Amino acid sequence: FAIVPAENASGVTDRWGPFIAYLSRELGVRVTLRIANDYAAVIEGHRAGNIHIGGHGPSSYVRAHTVTNGGVEPFVTTINSDGSIGYFSVLYTRANNPAQTLQDLRGRNLCLVDPNSASGNNVPRYEMNKLGIVPEQFFGRVVYAGSHENAITAVQQGTCDAAFNWWNSEADSNFSRMVNKGMVRNEDFKIVFRSELIPGSPYVYITALPQEARNAIRQAFVDAPTKDKAAFDRLSDGKDRGFQPVQHSNYQVMIELQRFIDNMRRQRS
């Protein structure tokens, strides 16, 4: 089971440890957590058959589906605290930054997250394209921070003037988790841009697994909020309601966005 960290490695282990133990009990086999450096590593693990289950953003899932020739499929996504499915990409700056909109940040430094992150790269680039903004020309510098947490930290430290991040609500985001851990203060930051709704981040398994195993994995996720509420609540600090089954067709909008990203990369190369 591979996860790309939105926070530091110890935070990922603390968050996921109880759930991994729950999965091991439910499935009757030892499940091992792998903390990957980036989405590309998880995708390559799927292709090699070494990573059987992965936590993805919608963009990295679509990339994985393409790279593996349909060798992975999504099975559930998270139900948010308000019952909705999906999330947003938002742009943070320091509260004392005079910028009020994304357009006010011309010439400043921008932090993205990962080339295969939906909220941390692909959706921001798609939304900026609609505004006529080419990031590498509009901003003074564009860098990949490597994780959502790193991107916020870069703004806090002044390395970047703004950073994109995932956001469900004021009380449920990567930023709110950092506030709860005492890493940042809410009053020191503000949001100057929010995207359209992004399809929910899927959990996927490789199709090489027997159908019986895939069914058992899906059921274990769906049952988690009742069979091991404490382990499930740890994943989102008690914010999420459960898991909703999904399938490939739910990510058609991300397939179209991926085509945009691929065309953009070809034009730049």
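These numbers were taken from a predicted model, which means no experiment stands behind them.
- Distance check, rounded to the nearest 0.5 Å: SG of C111 to CG of L91 gives 10.5 Å.
- Side chain of S236 to backbone of D240: a donor-acceptor contact under 3.5 angstrom is found.
- Put simply, CD1 on I152 and CG on N174 are 6.5 Å apart, with the number rounded to the nearest 0.5 Å.
- A donor-acceptor pair shorter than 3.5 Å cannot be found between the side chains of T153 and N150.
- Distance alone, capped at 3.5 Å, is enough to place a donor-acceptor pair between the T77 side chain and the S201 backbone.
- One finds the CZ atom of F75 at 11.5 Å from the CD atom of Q219 (value rounded to the nearest 0.5 Å).
- Going from atom CG of N96 over to atom NZ of K190 covers 8.0 Å, rounded to the nearest 0.5 Å.
- Stacking of R194 on the aromatic ring of F88 is recorded, both the 6.0 Å distance cut-off and the 45° axial limit being met.
- No side-chain donor-acceptor contact under 3.5 Å links H65 and H56.
- Counted by atom type alone, N263 and R259 present zero donor-acceptor pairs between their side chains at under 3.5 Å.
- Residues meeting the ring pair (Phe, Tyr, Trp, His ring centres under 6.0 Å) test with F19, sequence neighbours left out: W16, Y22, F221.
- For residues 124-145, the pairs satisfying ring-ring contact (aromatic ring centres under 6.0 Å, His included) are Y126-F260, with sequence neighbours left out.
- With respect to the salt-bridge test (charged N to carboxylate O, under 4.0 angstrom), the residues K239 and D172 do not qualify.
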